[in-house]
Structures are given as structure tokens and as C-alpha cells.
Visitor: 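Provided herewith is a single structure, encoded as C-alpha cells, for subsequent inquiry.
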Protein chains: 2
Amino acid sequence: MPTYEHPRPSVTVDVVVFGYDGGHDLKLLLIQRGSDPYQGQWALPGGFVEMDEDLEAGALRELEEETGVKDLFVEQLYTFGKPGRDPRGRVISVAHYALVNLSKHPAAAASDASEVAWFSLDKLPELAFDHAEIIKLATTRLRAKVRYQPIGFELLPEEFTLGELQALYETILGVPEFNKRNFRTRILRTGILEEVGRQQNVAHRPAILYRFNEATYQQLVEQRDSGVLRRALDFEI
Amino acid sequence: MPTYEHPRPSVTVDVVVFGYDGGHDLKLLLIQRGSDPYQGQWALPGGFVEMDEDLEAGALRELEEETGVKDLFVEQLYTFGKPGRDPRGRVISVAHYALVNLSKHPAAAASDASEVAWFSLDKLPELAFDHAEIIKLATTRLRAKVRYQPIGFELLPEEFTLGELQALYETILGVPEFNKRNFRTRILRTGILEEVGRQQNVAHRPAILYRFNEATYQQLVEQRDSGVLRRALDFEI
DNA sequence: ACAAAAGTGTTGAGGGTACACCCATGC
DNA sequence: GCATGGGTGTACCCTCAACACTTTTGT
């Protein structure tokens with residue numbers, strides 16, 4: 001690793017923002033490009049990373065600048081760096097994904113970009129750069145991760161029913177419907193949900209409202225990491 | 001995303017190379033830095049990415065230049081970009097991890113760097129930069145991934161016994177020993193192993209030799225991805 | 001009374017776990 | 001024959017998966 005000057009690629013941070021509003025599909029937040037390469041086409045929010053900011057911070061900053069959305073769960077996804085993926089030259093993109101509950105965050109549009117909109121994940125427009133590929137990877141990762149980490153709760157309101165939680169899982173995983181009885185048993189057995197009340201004014205038996213209990217979850221994680229392992233290995237096939 | 005010039009960070013690719021020789025520990029390939037920051041200290045193989053090469057290709061190139069090791073399984077791990085992680089300025093590192101069977105690849109040392117060596121994973125020297133953190137993440141990822149993807153075979157010779165495979169899993173996961181009967185049943189049930197012969201000249205009943213059947217594994221993956229899912233969700237706690 | 005969604009009891013099949021045992025080879 | 005590691009039979013128990021059923025609200 002010599003110390004003389006090297007040619008330097010540009011580095012951007014992009015964010016795949018998944019939104020959920022209780023419906024039957026996931027939404028994706030896109031911006032319409034206002035300038036130069038791919039002008040007028042839809043793209044992921046993102047931009048060049050500043051010299052003194054962390055990657056995740058840069059992703060959140062660009063997201064807020066371009067879409068007004070802030071304060072959400074974000075995590076690094078993958079770094080895309082194939083030469084030629086950006087016509088402007090060598091641009092390496094550190095892609096992130098984020099989860100947001102649409103009822104909590106406005107579909108805002110105060111923006112650097114010319115336009116901002118939520119698209120249904122199964123009806124995306126044509127996308128700039130290799131952003132279609134990035135979205136595909138993010139979707140795969142979300143589907144995989146939601147099965148073994150309680151990240152889905154980021155997409156729900158603070159308080160929710162088991163029916164809503166199940167609908168969310170079915171939406172993310174793209175499965176028509178799985179058994180209600182077994183879903184409830186499994187979720188409640190984990191102990192990570194906490195009862196916080198009952199529904200009001202619904203035209204059916206009011207459901208129990210739950211909240212995700214972060215503290216309990218962390219305790220369980222620690223127990224698992226310190227104790228003996230349960231299932232020795234599993235190729236999940 | 002404006003088109004005017006931005007200040008650009010440097011981008012490096014680093015590789016966490018895990019090696020296995022059938023013993024009771026995993027090895028890690030490190031180089032001793034020959035120059036400037038952290039001179040004389042041990043570090044991960046890696047270096048600045050070229051302007052016209054893919055990230056993974058850059059990782060493999062640097063690895064071969066610095067250690068002589070080539071032709072191995074490599075995958076992107078995470079991108080480390082906290083400001084201040086490198087005293088030379090803003091350096092973003094796209095970290096990779098790689099797996100290699102030590103009997104197949106020489107512990108070579110023809111090198112750009114002053115020295116190259118394999119260290120036991122539990123007896124690492126002090127490391128340059130934030131490389132200790134990178135190694136920690138790579139280890140966590142390896143332990144997690146080996147449970148649901150057949151990447152462990154990269155660490156074994158072409159043909160191996162179930163005893164050797166079990167020893168490898170115990171080594172990676174750091175578990176004293178799990179039940180032989182159940183390990184065998186589970187592994188063989190997946191159908192991804194293929195019998196290829198028997199051991200010769202061993203002072204005990206000769207074991208059946210197996211080979212990992214990539215084609216069968218791919219078929220199973222496709223079946224899973226197209227068919228209905230089995231376990232709906234599982235927080236693994 | 002009825003619709004709608006919440007919530008429960010139960011049962012058969014299959015996998016996880018554990019323990020005990022037999023088998024083939026070199027020395 | 002004995003040490004060594006390879007390989008198998010089986011039994012208990014818990015979880016998964018599926019189905020049928022009861023409960024509570026608003027209209």
C-alpha cells in the first residue's frame with residue numbers, strides 16, 4: 001500500500017427506501033433526476049459522500065435533502081463498483097436500505113430533485129444507472145432478513161395488531177396467506193411482543209394491540225450468544 | 001446529484017482470508033506493513049482499487065500481489081468508511097472475506113509486503129487501522145453464513161469424510177462437539193453430498209469420502225425459491 | 001341476526017436430541 | 001485382541017402444519 005497519489009474514484013451513497021402503509025404491497029421512494037446523466041428518469045435518492053461524514057450519515061443526509069424523509073432505520077446493503085456503471089466515470093456506490101412506516105413519515109417532496117414519489121414495488125418505472133439491480137438485491141435482503149431479525153416492526157405503527165403484523169409479513173414475503181393460528185403461536189412464543197391495549201370502534205371483535213419490546217429482544221439475543229446453540233446448522237432447504 | 005467536481009475519498013479493497021488445515025482452529029492470512037502508516041504492524045492484505053477493475057477483482061489482485069494466494073472463494077463483506085479510520089486522509093475500504101483450504105494453496109510469501117504469515121484466529125497480533133474490527137465482523141458473518149449456506153466446503157479438500165466436515169463445523173462455530181449421529185443425518189438428508197469412494201490405509205474403519213455437489217445444491221435452491229416456503233418465519237431465538 | 005375479524009383447541013407428522021450400540025481397519 | 005474412528009437403530013419430545021371451532025364487536 002504505497003503512499004503516492006492514486007487516481008480516485010467518486011463515491012456515492014444511495015438508499016433503497018421501503019415504505020408500508022398497511023396495504024397489499026410495499027412502496028419504494030424514488031426521485032426524478034433533474035440533471036445530466038439520465039435526466040428525467042427515476043432513480044434512488046443518494047449523492048456524493050462528504051469528506052468528513054460517515055457513510056450511513058451521508059445516506060441519511062442525502063435522503064433528507066432530496067425527499068424530506070428523516071429519522072428512519074437504515075443499514076448498509078452492498079457496495080456497487082463495476083467500472084462503467086456510471087457514464088460520468090468511475091463511481092462507486094455504497095448502497096443502503098431503509099424502512100419506514102408511511103403513516104409516521106410524510107411522503108414529502110421538498111427537494112433538491114425535480115420530483116419525489118412512492119412507487120409500488122411491483123410497478124417500478126424504468127430506472128437510471130444500475131439502480132434496478134440495487135433494488136433487486138435490497139428486496140432479496142429484506143425478505144431474507146425479516147425472517148430472522150425483527151426489522152419488520154420498523155414498517156408498522158408503534159402499536160399494531162397481530163393481524164396487521166401477519167399482513168405485513170405476507171406482503172414482504174409475497175406469500176398469499178399463511179396459517180393464522182401458527183403465526184400467532186410462533187410470534188407470541190418469542191416473547192418480544194408486549195400487550196398495550198385493545199382496538200376501539202371496530203366492527204368486529206377488537207384485537208389486542210401489541211408493541212415490539214426492544215429490551216426483551218436484546219436480552220434474548222444476549223442469552224443466545226452466551227448460551228449453547230440450539231440448532232447446530234441448517235442449510236434452510 | 002450535481003456534476004461539478006467533488007472532493008474524492010481514496011478507496012481500498014481489503015481481504016480477510018480464512019484458512020483451514022484440518023486442525024482445531026481457523027487461520028487468518030496477514031501481511032506485515034512495509035511502509036508509512038503502521039509500518040511493521042500486521043494488517044489485512046489489500047490496497048487501492050484500480051480505476052478500471054471491479055471491486056472483487058481488485059481484492060483478488062491485491063491478495064495475489066501481496067501474498068501469492070489466488071483462485072479462491074471471495075465475497076464482499078462490508079464497506080468501512082468512518083472519517084479518521086486512516087491517518088492518511090479519507091480512505092474508504094470495501095472489505096471482503098475469502099475462504100481457502102491450506103492444503104490446496106501454498107502459504108506463499110513472494111510479496112510486495114515485507115512479510116506474510118498465517119495466524120491462528122484466536123491468537124492475532126495487534127493490527128493496523130481498524131482491521132481488528134473488520135476481522136471481527138468477518139468472523140461473525142462466517143459463523144452465521146456457514147449455518148445456512150454450504151460455503152464451508154471451500155475450506156476442505158475436494159474429497160472429505162463426514163468426520164472432517166463435522167470437525168470443520170465445530171471449529172468454525174467454536175462449539176466443543178455436537179452429536180455425530182444427528183450431524184450425519186442432517187447433512188446427508190439435504191442430498192448435497194455425493195459419495196466418491198473410501199479412505200485408504202487408515203488405522204480404523206475407512207470412512208466414506210464425499211464431494212460437495214454444486215449442481216444438486218443449485219437445483220434445491222431453485223426448488224425452494226419457486227415453491228412455497230417451508231418455515232414461514234423464524235427469529236432464531 | 002348477521003358480517004367480520006379476533007382468537008383458541010387439538011391432532012398427526014416430522015425433525016431435533018440423546019443414548020447405546022455395532023463395524024472395519026492397522027498394529 | 002485392542003485401539004481408533006466410522007457408522008447405525010431407536011425412542012422421547014417438541015415444533016410445525018393443518019383444520020375446525022368459538023368469541024366479540026358494530027350495524
Side-chain angles (χ1 to χ4, degrees), chain A residues 22-24 147-148 156 159-171 173 175-191 193-211 220 224 227-237, chain B residues 22-24 147-148 156-157 159-171 173 175-211 220 224 227-237:
Chain A
H24 290 295
R147 285 163 159 270
Y148 64 89
L156 289 176
E159 305 185 349
F160 50 86
T161 70
L162 288 182
E164 289 164 356
L165 184 60
Q166 178 168 355
L168 169 65
Y169 272 91
E170 288 166 359
T171 300
L173 297 175
V175 183
E177 178 180 2
F178 35 72
N179 189 284
K180 185 174 56 166
R181 181 64 167 112
N182 305 332
F183 179 83
R184 284 160 182 270
T185 308
R186 254 195 309 222
I187 289 285
L188 291 179
R189 188 181 43 208
T190 64
L193 293 190
E194 180 186 4
E195 293 192 22
V196 290
R198 301 198 136 263
Q199 278 182 328
Q200 305 286 334
N201 297 328
V202 286
H204 53 76
R205 175 171 175 178
I208 298 174
L209 292 170
Y210 292 91
R211 176 193 300 150
L220 289 171
R224 179 197 57 185
V228 198
L229 78 176
R230 209 86 43 76
R231 284 206 299 277
L233 76 160
D234 184 2
F235 289 149
E236 281 230 355
I237 288 184
Chain B
H24 290 295
R147 286 164 160 266
Y148 64 90
L156 289 176
E159 304 184 349
F160 51 85
T161 70
L162 288 182
E164 289 164 354
L165 183 61
Q166 178 168 356
L168 169 65
Y169 272 90
E170 288 166 357
T171 300
L173 296 176
V175 184
E177 177 178 2
F178 33 73
N179 189 284
K180 184 174 58 166
R181 181 65 169 109
N182 305 333
F183 180 83
R184 283 158 184 269
T185 308
R186 257 199 304 228
I187 289 285
L188 292 179
R189 188 180 45 206
T190 65
I192 59 179
L193 294 189
E194 181 186 4
E195 292 192 21
V196 290
R198 304 198 135 263
Q199 278 183 328
Q200 305 285 334
N201 298 326
V202 285
H204 52 77
R205 175 173 173 176
I208 298 176
L209 293 170
Y210 292 90
R211 174 194 301 151
L220 290 171
R224 180 196 57 184
V228 198
L229 78 176
R230 209 85 43 75
R231 285 206 300 277
L233 76 161
D234 184 0
F235 289 151
E236 280 228 357
I237 289 182

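Every chain is numbered from 1, with letters handed out A, B, ... down the list of sequences.
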Visitor: So which heavy atom on A:Arg189 is nearest to which on A:Arg186, and how close?
Guide: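 In terms of heavy atoms, the two residues are closest at NH2-CG, 3.0 Å.
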Visitor: Return no unless some side-chain N or O of B:Arg189 is found under 4.0 Å from OP1 or OP2 of C:dG16.
Guide: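 B:Arg189 to C:dG16 OP1/OP2: side-chain N or O found under 4.0 Å.
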Visitor: Just how far, in rounded Å, is C1' of D:dC14 from CZ of A:Arg186?
Guide: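 The answer, rounded to whole Å, is 14 Å.
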Visitor: So B:Ile187 and B:Gln166, do their side chains get closer than 4.5 Å, heavy atoms only?
Guide: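 No - every pair of side-chain heavy atoms lies 4.5 Å or more apart.
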Visitor: Whole angstrom is fine here: how far is it from CD1 in A:Ile187 over to C1' in D:dC16?
Guide: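 It is 15 Å, rounded to the nearest whole Å.
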Visitor: Check the distance between D:dG7's C1' and B:Leu193's CG and give it to me in whole angstrom.
Guide: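 One finds 15 Å between C1' of D:dG7 and CG of B:Leu193, rounded.
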Visitor: Using a 4.0 Å cut-off on protein heavy atoms (strictly under), produce a 5'-to-3' string for nucleotides 18-27 of chain D with B for base contact, S for backbone-only sugar-phosphate contact, and - for none.
Guide: BB---BBBS-
Visitor: State which residue, out of A:Leu168, A:Leu165, A:Val196, fulfils the side-chain contact (heavy atoms from CB on, under 4.5 Å) condition with A:Phe160.
Guide: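 Between A:Phe160 and the candidates, side-chain contact (heavy atoms from CB on, under 4.5 Å) is satisfied uniquely by A:Leu165.
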Visitor: Output the rounded distance in Å from CD (A:Gln166) to C1' (C:dG7).
Guide: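 Distance check: A:Gln166 CD to C:dG7 C1' gives 12 Å.
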Visitor: Between A:Phe160 (CZ) and C:dA6 (C1'), how many Å, whole number?
Guide: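 Whole-Å distance recorded here is 16 Å.
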Visitor: Keeping the roles fixed (side chain from A:Glu194, backbone from A:Arg211), state whether a donor-acceptor pair exists under 3.5 Å.
Guide: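 Such a contact is absent between A:Glu194 side chain and A:Arg211 backbone.
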Visitor: Would one find a side-chain N or O of A:Arg184 under 4.0 angstrom from OP1 or OP2 of C:dA5?
Guide: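 The answer is no; no side-chain N or O of A:Arg184 sits under 4.0 Å from OP1 or OP2.
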Visitor: Quick one: do the A:Arg181 and A:Thr185 side chains pair a donor with an acceptor below 3.5 Å?
Guide: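 Per modelled atom types, A:Arg181 and A:Thr185 side chains form a pair under 3.5 Å.
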Visitor: A:Leu162 has an atom CG; how far is it from atom P of C:dA5, in whole Å?
Guide: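 Taking CG of A:Leu162 and P of C:dA5, I get 16 Å after rounding.
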Visitor: Atom CD of B:Gln199 and atom P of D:dT4: how far apart are they, to the nearest Å?
Guide: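 Rounded to whole Å, this separation is 16 Å.
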Visitor: With heavy atoms under 4.0 Å as the rule, sort A:Ile208 into base, sugar-phosphate or nothing.
Guide: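 A:Ile208: backbone/sugar contact only, no base atoms under 4.0 Å.
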Visitor: Do the non-hydrogen side-chain atoms of B:Glu195 and B:Tyr210 ever get within less than 4.5 Å of each other?
Guide: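 With C-beta onward as the side chain, the pair touches.
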Visitor: Within the side chain of A:Glu164, is there an N or O that forms a donor-acceptor pair under 3.5 Å with the backbone of A:Thr161?
Guide: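 Yes, A:Glu164 side chain to A:Thr161 backbone: donor-acceptor pair under 3.5 Å.
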Visitor: Taking CD from B:Glu164 and P from D:dT4, how many angstroms apart are they, rounded to a whole number?
Guide: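 Computing the B:Glu164:CD to D:dT4:P distance gives 18 Å.
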